[in-house]
Amino acid sequence: MSLPQKRFYRQRAHSNPIADHCFDYPQTPALMDWSKYYPEKFKECAESPPTVEFADIGCGYGGLLITLSPMFPNSLMIGMEIRVKVSDYVMDRIAALRTQNPSEYQNIACLRTNAMKYLPNYFRKGQLKKIFFLYPDPHFKKAKHKWRIVNQSLLAEYAYVLSEGGIVYTVTDVKDLHEWMVQHFEEHPLFSRISDEELKLDPIIEKLYSSTEEGQKVSRNNGDKFLAVFRRIKDPLVIV
Ligand SMILES: C[S@@+](CC[C@H](N)C(=O)[O-])C[C@H]1O[C@@H](n2cnc3c(N)ncnc32)[C@H](O)[C@@H]1O
């Protein structure tokens with residue numbers, strides 16, 4: 001099986017994620033059958049099925065998943081992508097990579113879904129260890145800011161599906177969007193920004209700039225890249 005050619009899967013950027021409906025999402029995370037996405041991993045661990053720990057939200061053409069797969073062979077990762085043809089491309093790309101290297105890329109998969117609407121349908125409370133927002137759509141006009149994938153109500157969902165200590169990575173080439181994301185995460189009581197000093201120890205950081213197709217495009221255009229990373233902290237209102 002040869003690698004798919006991106007030119008056959010092009011689709012214009014999705015305009016209105018609020019109007020996008022998806023009909024095959026699970027009613028609850030318990031009803032989600034992950035085994036068909038990671039068949040080899042489920043066969044290996046039949047007695048204690050693995051759980052998805054990393055979510056790349058708006059994964060585009062899947063470059064981050066493919067880069068992180070060998071770095072975290074024991075973690076299951078899912079790319080969530082709203083555009084049908086783009087998600088088809090990622091699925092075909094992973095299938096081809098698995099055929100070429102049967103012992104590799106078994107821990108990554110892609111779902112065509114609207115992550116703005118159905119995230120808690122897929123993941124249990126505290127299930128995820130890492131969430132990625134790489135070069136999210138900027139929705140420049142003020143009237144369209146409600147379509148941004150980082151907003152106050154969605155942050156509550158991200159905090160819900162992340163474990164305590166879980167990490168959110170954001171990168172954008174749009175300064176205004178960077179400031180918007182920093183402001184929203186910093187204002188939220190369940191997130192705290194990770195210092196640049198601490199980030200130097202994280203091997204993922206250097207992969208965030210150019211492993212994705214959008215990151216490569218920004219590099220070709222000599223654009224800026226703004227990084228901000230946040231930790232899901234303990235809920236100060238929960239008394240144990
Ligand atoms: C600018 S692209 C960046 C793609 C990729 N992260 C990269 O760095 O190459 C933003 C992606 O987010 C996807 N997207 C936008 N809204 C989404 C949503 N609500 N759920 C899932 N994917 C979404 C878009 O279709 C697009 O592929």
Side-chain angles (χ1 to χ4, degrees), residues 4 6-7 9-26 52 54-69 77-94 108-123 128 130-141 144-158 161 168-178 180-181 184 204-221 223-229:
K6 220 193 297 173
R7 65 196 160 107
Y9 298 81
R10 298 243 175 245
Q11 188 178 347
R12 80 177 184 89
H14 198 274
S15 44
N16 180 354
I18 292 170
D20 179 278
H21 303 292
C22 184
F23 299 102
D24 56 357
Y25 61 91
V52 174
F54 294 11
D56 181 9
I57 297 191
C59 68
Y61 291 92
L64 181 72
L65 295 168
I66 286 156
T67 302
L68 294 187
S69 173
M77 313 179 194
I78 191 75
M80 307 182 101
E81 173 53 51
I82 201 167
R83 286 184 288 171
V84 177
K85 283 193 189 166
V86 178
S87 59
D88 282 349
Y89 172 83
V90 182
M91 293 176 211
D92 290 350
R93 190 177 181 187
I94 294 171
I108 55 173
C110 179
L111 268 176
R112 140 65 200 158
T113 192
N114 183 348
M116 281 177 84
K117 286 198 170 172
Y118 307 110
L119 212 60
N121 292 76
Y122 293 101
F123 307 116
L128 295 179
K130 296 183 192 297
I131 295 183
F132 299 88
F133 297 102
L134 298 195
Y135 310 95
D137 292 332
H139 299 299
F140 288 106
K141 290 185 186 153
K144 302 285 164 61
H145 283 179
K146 59 179 184 275
W147 293 355
R148 286 182 168 175
I149 199 102
V150 166
N151 66 41
Q152 210 177 14
S153 54
L154 288 173
L155 282 196
E157 291 193 0
Y158 305 144
V161 296
V168 178
Y169 298 85
T170 71
V171 184
T172 176
D173 54 321
V174 178
K175 190 159 186 266
D176 164 64
L177 178 61
H178 169 68
W180 163 282
M181 293 195 287
H184 279 78
I204 290 181
I205 299 298
E206 59 167 309
K207 308 293 180 193
L208 303 179
Y209 297 111
S210 54
S211 64
T212 70
E213 289 64 17
E214 197 63 29
Q216 288 156 13
K217 195 162 94 186
V218 175
S219 297
R220 284 196 299 278
N221 296 333
D224 293 319
K225 292 180 185 175
F226 302 98
L227 168 81
V229 184

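Residue numbers count from 1 along this sequence. Numbering of ligands and ligand atoms starts at 1, following listing order.
The shortest N/O to N/O separation between I82 and ligand 1 falls below 3.5 Å. The distance criterion of under 3.5 Å between nitrogen or oxygen atoms is not met by G215 with respect to ligand 1. Taking any N or O of L134, backbone or side chain, at least one lies under 3.5 Å from an N or O belonging to ligand 1. Between D56 and ligand 1, no N or O atom pair is found at a separation short of 3.5 Å.
Using a 30° and 60° split on the angle between ring planes, F132 and Y169 fall in the parallel class, below 30°. Between W147 and H139, the ring planes are perpendicular. Angles over 60° get that label, and only those under 30° would be called parallel.
Listed by atom number, the atoms of ligand 1 under 4.0 Å from A115 heavy atoms are 18 (C), 19 (N), 20 (N), 21 (C). Atoms of ligand 1 found under 4.0 Å from any heavy atom of I149 (numbered from 1 in listed order, with element): 18 (C), 19 (N). Listed by atom number, the atoms of ligand 1 under 4.0 Å from N114 heavy atoms are 18 (C), 19 (N), 20 (N). Within ligand 1, counting atoms from 1 as listed, the ones closer than 4.0 Å to a heavy atom of M116 are 19 (N). Each of the following atoms of ligand 1 lies closer than 4.0 Å to a heavy atom of D137: 1 (C), 2 (S), 10 (C), 15 (C), 24 (C).
By the criterion of a heavy-atom distance under 4.0 Å, the backbone of T113, and not its side chain, is placed next to ligand 1. Residue contacts with ligand 1 for M80 involve N, CA, C or O but no side-chain atom from C-beta outward (heavy atoms, distance under 4.0 Å).
Residues in residues 57-68 take part in no salt bridge (Lys or Arg N to Asp or Glu O under 4.0 Å) pair, two or more places apart or across chains.
Without hydrogens or angle criteria, S219 side chain to G215 main chain gives a donor-acceptor distance under 3.5 Å.
Residue T113 is tested with Y25, Y122, Y118 for a side-chain hydrogen bond (donor to acceptor under 3.5 Å, both in side chains); the sole match is Y122.
Looking at heavy atoms from C-beta onward, V168 lies in side-chain contact with T170 at the 4.5 angstrom threshold.
Other residues, nucleotides and ligands contribute over 12 non-hydrogen atoms within 6.0 Å of the NZ atom of K6.
Judged as a salt bridge (Lys or Arg N to Asp or Glu O under 4.0 Å), and not counting sequence neighbours, K141 has no contacts.
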